[in-house]
There are 2 protein chains.
Amino acid sequence: MVNETREFSSDPFLMTSHLPRTRIQRRNRRAILDAALAVFSQHGFRGATLDRIAAEAGLSKPNLLYYFPSKEAIHETLLAGLLETWLDPLRALDPAGEPIEEILGYVRRKLAMSRDFPRESRLFANEILQGAPRIGPTLDGELKKLVDEKAAVIAGWSGEGRIADVDPWHLIFSIWALTQHYADFDVQVRAVLGPDRGDPFDGAERHLVTLFTRLLTP
Amino acid sequence: MVNETREFSSDPFLMTSHLPRTRIQRRNRRAILDAALAVFSQHGFRGATLDRIAAEAGLSKPNLLYYFPSKEAIHETLLAGLLETWLDPLRALDPAGEPIEEILGYVRRKLAMSRDFPRESRLFANEILQGAPRIGPTLDGELKKLVDEKAAVIAGWSGEGRIADVDPWHLIFSIWALTQHYADFDVQVRAVLGPDRGDPFDGAERHLVTLFTRLLTP
DNA sequence: AAAACGTTTGACCGGGCGGTCAGGACCACG
DNA sequence: CGTGGTCCTGACCGCCCGGTCAAACGTTTT
């Protein structure tokens with residue numbers, strides 16, 4: 001009954017933040033959520049099966065249901081931390097900073113997330129593709145509020161002539177679309193580029209920096 | 001912008017091109033494929049059920065299986081025509097045309113497809129998200145060949161100084177990402193924009209024209 | 001040692017899944 | 001009218017799904 005030490009390793013989604021009593025519980029909860037992330041992100045909620053998640057986690061199905069009450073609960077746990085982490089890079093956009101560097105910084109952070117957490121990106125994409133049945137309210141509320149706020153900042157920069165005139169909302173959509181594309185459509189990107197043109201993300205970063213620089217430079 | 005009808009009466013995927021013997025067969029095949037498109041695009045292959053497709057098509061399940069031998073067959077039929085139609089706008093990019101107008105034309109055509117055929121876009125997105133298990137070979141073959149060809153054209157324009165220097169492959173990715181985003185992430189876009197800012201696609205077209213003009217103008 | 005608690009499992013359940021089948025309804029054409 | 005082919009359906013099948021349960025196993029505490 002010890003272990004009150006907080007975990008903050010490489011876990012961006014606080015997967016183990018729910019009252020982690022024993023070491024076994026932490027290990028197994030993490031294994032389950034990691035397996036579930038892999039399966040849900042590839043097959044969507046309805047396409048995923050508990051047997052498959054259990055197998056991937058190295059547990060029996062009843063044992064899996066000892067740690068989570070239902071398939072729904074696993075999915076919800078994954079989505080819960082997701083939106084938060086998804087928005088952090090946008091929150092970090094500093095109204096007091098140098099406009100173009102702030103926006104380019106956001107682009108770079110978002111692209112890094114596509115490279116380092118593609119499964120999370122695909123889980124999110126699946127949820128939105130299906131009409132956001134589980135996080136719809138969060139989109140209307142928290143997400144819209146944050147975007148409106150940052151859009152106002154960008155509009156301010158625009159008005160002051162510090163960046164070129166641009167629709168702030170669609171600018172943000174552009175950043176989302178262009179960065180998440182490299183995670184969500186990874187197989188297509190790699191198929192088109194072929195094996196001889198190096199890591200797609202290197203070319204992507206150069207291209208996106210160019211693109212947004214030309215778009216935003218007054 | 002091009003203005004096609006949003007109803008399924010304008011059949012862009014030759015859904016009924018398979019030996020349409022009788023009038024009833026044509027009507028029912030079309031109804032099935034239209035229903036299947038709705039269900040597959042929202043839930044993915046494994047998440048879709050024959051009962052649901054049959055209900056949406058207004059047929060009984062056995063009757064549905066009178067027209068198609070299996071769930072797989074329906075899905076394959078949908079995907080078969082999809083890639084073709086998906087690539088047509090890129091094929092139409094004319095090497096002899098005015099570079100920036102050619103590329104902007106491609107952007108407009110692709111955005112129009114997102115607006116008029118969002119279900120097709122989401123069906124494609126689902127397939128890619130799952131790792132392209134059924135159209136992987138087509139991506140490596142036909143798609144890569146076409147993109148390589150058009151990328152060479154764009155690189156030529158770049159070399160001649162008729163457009164600004166840009167990575168042709170990532171330019172094409174940008175067009176795909178930015179246009180398909182408005183179909184695939186429609187709910188998110190509408191949630192963020194709210195109800196008072198008009199049709200997302202109007203703002204999208206203005207924004208994308210601006211974006212690519214600034215990116216490509218030498 | 002043994003109680004007490006946390007963990008794991010095999011066997012099982014009702015329901016929904018993709019798909020089958022025999023036969024009935026419908027329909028064009030003699 | 002009848003007959004043959006097309007179209008449609010209720011009943012059914014075996015399988016896999018999410019989820020339950022009692023019992024056994026492991027580990028820590030007393």
Side-chain angles (χ1 to χ4, degrees), chain A residues 1-5 15-16 18-79 126 130 133-134, chain B residues 15-16 18-40 42-79 126 130 133-134:
Chain A
M1 303 286 193
V2 238
N3 73 41
E4 305 314 331
T5 53
M15 285 175 171
T16 58
H18 285 275
L19 340 163
R21 290 184 179 172
T22 75
R23 220 165 291 119
I24 293 178
Q25 277 196 13
R26 246 185 296 169
R27 194 218 326 142
N28 284 346
R29 278 187 67 97
R30 167 178 292 255
I32 290 167
L33 288 169
D34 189 65
L37 176 59
V39 177
F40 280 134
S41 67
Q42 195 177 355
H43 300 291
F45 180 77
R46 302 193 48 173
T49 71
L50 286 182
D51 293 88
R52 182 122 186 192
I53 296 172
E56 200 114 347
L59 300 174
S60 67
K61 185 168 61 173
N63 197 13
L64 186 150
L65 288 162
Y66 170 74
Y67 290 98
F68 289 89
S70 69
K71 182 183 176 182
E72 272 276 343
I74 303 176
H75 194 249
E76 277 172 18
T77 303
L78 284 174
L79 280 183
N126 259 305
Q130 296 176 13
R134 297 155 218 276
Chain B
M15 285 174 172
T16 58
H18 286 276
L19 344 160
R21 289 182 179 174
T22 75
R23 223 164 292 123
I24 294 177
Q25 277 196 15
R26 245 182 296 168
R27 192 217 331 141
N28 283 346
R29 278 187 66 98
R30 165 178 293 254
I32 290 167
L33 288 169
D34 188 67
L37 176 58
V39 178
F40 280 135
Q42 195 179 355
H43 301 291
F45 180 76
R46 301 194 48 174
T49 72
L50 286 183
D51 293 87
R52 181 120 189 197
I53 296 172
E56 200 113 346
L59 300 174
S60 67
K61 185 167 63 172
N63 196 15
L64 185 149
L65 288 162
Y66 170 75
Y67 290 98
F68 289 89
S70 69
K71 182 183 175 182
E72 271 277 342
I74 303 176
H75 194 249
E76 276 173 16
T77 304
L78 284 174
L79 280 183
N126 258 304
Q130 296 177 11
R134 298 155 219 276

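Just so it is clear: chains get the letters A, B, ... in the order the sequence lines come, proteins before strands, and each one is counted from 1.
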[X] has an atom [atom1]; how far is it from atom [atom2] of [N], in whole Å?
X: A:Ile74; N: D:dC17; atom1: CD1; atom2: C1'; result: 14 Å
X: B:Ile24; N: C:dA25; atom1: CD1; atom2: C1'; result: 12 Å
X: B:Arg27; N: C:dC26; atom1: CZ; atom2: C1'; result: 12 Å
X: A:Ile32; N: C:dT7; atom1: CD1; atom2: C1'; result: 12 Å
X: A:Tyr67; N: D:dG19; atom1: OH; atom2: P; result: 18 Å
X: B:Leu50; N: C:dG19; atom1: CG; atom2: C1'; result: 8 Å
X: B:Phe68; N: D:dC8; atom1: CZ; atom2: P; result: 13 Å

_Listed partners of A:Arg27 passing side chain to side chain donor-acceptor pair (under 3.5 Å), at least two apart_ = none
*Residues forming a side chain to side chain donor-acceptor pair (under 3.5 Å) with B:Glu76, sequence neighbours excluded*: none
*N or O in side chain of A:Asn28 less than 4.0 angstrom from C:dG6 OP1/OP2*: no
*Side-chain N,O (B:Gln25) to OP1/OP2 (D:dC7) below 4.0 Å*: yes
Give the nucleotide from the list [options] with an atom nearest to the side chain of [X].
X: A:Tyr66; options: C:dG6, C:dG18, D:dC7; value: C:dG6
X: A:Arg46; options: D:dC7, C:dC17, C:dT8; value: C:dC17
X: B:Lys71; options: D:dC17, D:dC7, C:dG18; value: C:dG18

*Which residues satisfy the side-chain contact (heavy atoms from CB on, under 4.5 Å) test with A:Pro133, sequence neighbours excluded?*
A:Glu127, A:Gln130
_Taking side chain to side chain contact (heavy atoms under 4.5 Å, CB included) as the criterion, tell me which of A:Leu33, A:Leu79, A:Leu65 meets it with A:Ile74._
A:Leu33
*asked:* Within the 4.0 Å heavy-atom criterion, would you say B:Leu65 contacts the bases, only the backbone, or no part of the nucleic acid?
replied: base
*Give one of base, sugar-phosphate or nothing for A:Ala73, where a contact means two heavy atoms less than 4.0 Å apart.*
nothing
*A:Ala31 and A:Ala57: which non-hydrogen atoms are nearest, and at how many Å?*
O-CB, 3.7 Å
*Among residues 51-64 of chain A, which residues get a heavy atom nearer than 4.0 Å to DNA chain C?*
A:Ser60, A:Pro62, A:Asn63
Donor-acceptor pairs are to be reported for all side-chain atoms of residues 38-56 of chain A against protein atoms at under 3.5 Å, with residues two or more places apart or in another chain.
unit_1, atom_1, unit_2, atom_2, d
A:Ser41, OG, A:Leu37, O, 2.7
A:Ser41, OG, A:Ala38, O, 3.1
A:Arg46, NE, B:Gly47, O, 3.4
A:Thr49, OG1, A:Arg52, N, 3.1

*Derivation of the side chain to side chain contact (heavy atoms under 4.5 Å, CB included) call for B:Asn28 and B:Leu64*: CA-CA 8 Å; B:Asn28 283 346; B:Leu64 185 149; over 6 Å; no
